[in-house]
Structure formats: C-alpha cells, structure tokens
Protein chains: 2
Amino acid sequence: MADALSIGTLAKATGTKVETVRWYERVGLLPAPARTRGNYRSYGRAHLDRLSFIRRARDLGFTLAQLRGLLLLADQRDRSCEEVDAIARTHLGEVERKIADLQALRRELADIIDRCGHGTVADCRIIEALSPPPAGAR
Amino acid sequence: MADALSIGTLAKATGTKVETVRWYERVGLLPAPARTRGNYRSYGRAHLDRLSFIRRARDLGFTLAQLRGLLLLADQRDRSCEEVDAIARTHLGEVERKIADLQALRRELADIIDRCGHGTVADCRIIEALSPPPAGAR
DNA sequence: CCTTGACCCTATAGTTGCTACAGGCCCCAT
DNA sequence: ATGGGGCCTGTAGCAACTATAGGGTCAAGG
C-alpha cells in the first residue's frame, strides 16, 4: 500500500499516544490492522480517518460508549440519521448542564477569592469559606 | 468525649458515604480517629469540621492534591494567605478554560444538529463533522 | 558487516476518586 | 440468646488512559 503507517506515525498524525492507540484497539474502537513481517502494526487511510474521528469526538466530550454508538451508526450508512441526532441531542443537553454547573462554580470561586484579605492563613477567608457551612444551610 | 461520632453518623452529617470516609483516611486526608473497645472508629468535632471542609472543596472541584495543599496550609495558621489564594486562582483559571471549551463544543453540537436533516446516515453531517479535520489542520 | 539506538511488541500495574462487594465482628433491643 | 443493624478489613471494579518491564526489529553510521 502507498500509505502504510507505523503506530508511531499514526499516533503523531492524530495527536494520540502510542499506548492509547493500542488501547483503542484492545477495547474494540479501532480495528486491528495488518502486521508487517516483523509483527509491527501497519495502518492505512481508513485507520487514520477512524482514529481522527475518535479523537475528535473524545475532545468533544463523547464517552467511549457514545462513541461506539456513533461508530456503529457510521458503519451502517443506510440507518436513519435520527439515532445519530438523538445521541448528539443527549450530549448537547449534558454539555449545557455542565456549563451551567461550572458557571455557578466560577461565581463561587470568584467570590471566595474576592474575599481573601491577603493576611495570614489564620484569617484567610478562603479557608473560612470552605469551612463547615452554618447548620441548616445545607 | 461528649461528641463521639460513629463513622455512619459522621458520614450522614457530611453527606459522605462510609466507604469514602475510610478512603479519605487511607489516603491521608482525614486523620485516623481513636477506636472504641470494639475497634470502631470514634470521631470528634475536629474530624467533622475537617471532613466538611474536604467535602465542600471537592464539591467546588478541587482535586485531592490541591486539597492536600489547602489542608497543609490551613494547619500552619501563621503562614501567608497568598498560597491559598494562588491555589484558588489556579483552580478558577481551570474552571474558566473548561467553560470556554464546553461553549465551543455546544456551538459545534448545535450546528451539527441543525444541519442534520432526517435522511440516512449517508448524508448525516454529524459523522462528517467529526471526520478527519481539513488537511491543513493535521 | 556489525553495532547502536530508535522504534515496536506484549503484558501488567498504576492513576484519580471513589464504589461495591465478601466474609466476618460487635452491639443493642427484644 | 438471637436477630438485625452497623461496623471491620481487604480486595476488586469503574473510566480512560498512562507507564513500566523485558524483550524483538530495523535502518543508518562507522
């Protein structure tokens, strides 16, 4: 083949660690490639595409389980788009919830830092803010 | 002692699972308490306070490593507050980065869902959108 | 031609922050 | 004295990798 890639080359091309590539293979996300005479993995274009897909989806926060679902759908191209859409929608909901949670957290942290008097730890308001909340407040 | 708590009572009071309390002890976040004649853990007020602190900081997303730093500082009350402030600020930065990432992700998912007609996977843009990035980006 | 060193192989253990058993004690009320 | 809670230790499991040990392979330089 014109484009036979070693695992290291594939890893570099996709911003993945070699060990992670092997791990994706072991858990069935990336199909096992052909081997060279010396038992080295030999990847082709399809592997590069698929690994790019995997990495991108991971970056976007899809779990490996969701990813498996997407890949299964991608492999059966006559299937309805609705299932893929549903997965994406579910994920969008989760993302929005995460954003809201983090924004609340950010406000709280900012408040805490705001109150830090830069004195000694003894009167540090950060420690204070993290200390047990008043009874009844939680 | 007037306020000797069993592990179960302590756990309930702080919204922690019993196993988690023991685990905090094993990893050195919560000091090992005295034991009763029957070898039960017996906690006092100090443990309650410290565990509340731990739980609150965990809720705010501090890692156990950061927590260890905070607790170490909290124990040295004549130290400057600046280190505490720095830990909190670092954490705030991380939180803000995550929010930005998630907002980018949200945009992307919304676009994807938007473009997804209800045809077959063959023209589903979700798969496409997550396929290998343009040549220049690799 | 042979050696060196970068790469690759498998297998296994470690990471973070818990959670969930399994197989036993202990304690209190009935 | 017995039944059921709660407690004890120790171990294994979850995601999603990461890192190590102990080797084999390959291409280039001396």
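Residue numbers start from 1 in every chain, and the chains themselves are labelled A, B, ... in the order their sequence lines are given, proteins ahead of strands.
- For A:Ser6, the side chain to side chain donor-acceptor pair (under 3.5 Å) partners are A:Thr9, not counting sequence neighbours.
- By the salt bridge (Lys or Arg N to Asp or Glu O under 4.0 Å) test, B:Arg41 pairs with B:Glu25, sequence neighbours left out.
- With sequence neighbours left out, B:Lys12 forms a side-chain contact (heavy atoms from CB on, under 4.5 Å) with no residue at all.
- Residues forming a salt bridge (Lys or Arg N to Asp or Glu O under 4.0 Å) with A:Arg97 (at least two apart in sequence, or on another chain): A:Asp101.
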Show me the side-chain donor-acceptor pairs of residues 15-23 of chain B shorter than 3.5 Å, one per line, residues at least two apart or across chains.
unit_1, atom_1, unit_2, atom_2, d
B:Thr16, OG1, B:Thr14, O, 3.4
B:Thr16, OG1, B:Thr14, OG1, 2.8

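- Bracketed by its first and final contacts, the part of DNA chain C lying under 4.0 Å from non-hydrogen atoms of chain A reaches from C:dC7 to C:dT10 in 5' to 3' order.
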Under 3.5 Å donor-acceptor pairs involving side-chain atoms of residues 60-71 of chain A, not counting sequence neighbours:
unit_1, atom_1, unit_2, atom_2, d
A:Thr63, OG1, A:Ala65, N, 3.4
A:Thr63, OG1, A:Gln66, N, 3.2
A:Gln66, OE1, A:Thr63, N, 2.9
A:Arg68, NH1, A:Val27, O, 2.8

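- To the nearest 0.5 Å, the span separating OH on A:Tyr24 from CG on A:Leu29 amounts to 7.5 Å.
- The side-chain contact (heavy atoms from CB on, under 4.5 Å) search around A:Arg107 returns A:Gln103, A:Ala104, not counting sequence neighbours.
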### Message
I'd like to compare against my own output: the B/S/- annotation of nucleotides 16-26 of chain D with a strict under-4.0 Å heavy-atom distance to protein.
### Response
BBSBB---BBS
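- Between B:Lys12 atom NZ and D:dG6 atom C1' the separation is 10 Å, expressed in whole Å.
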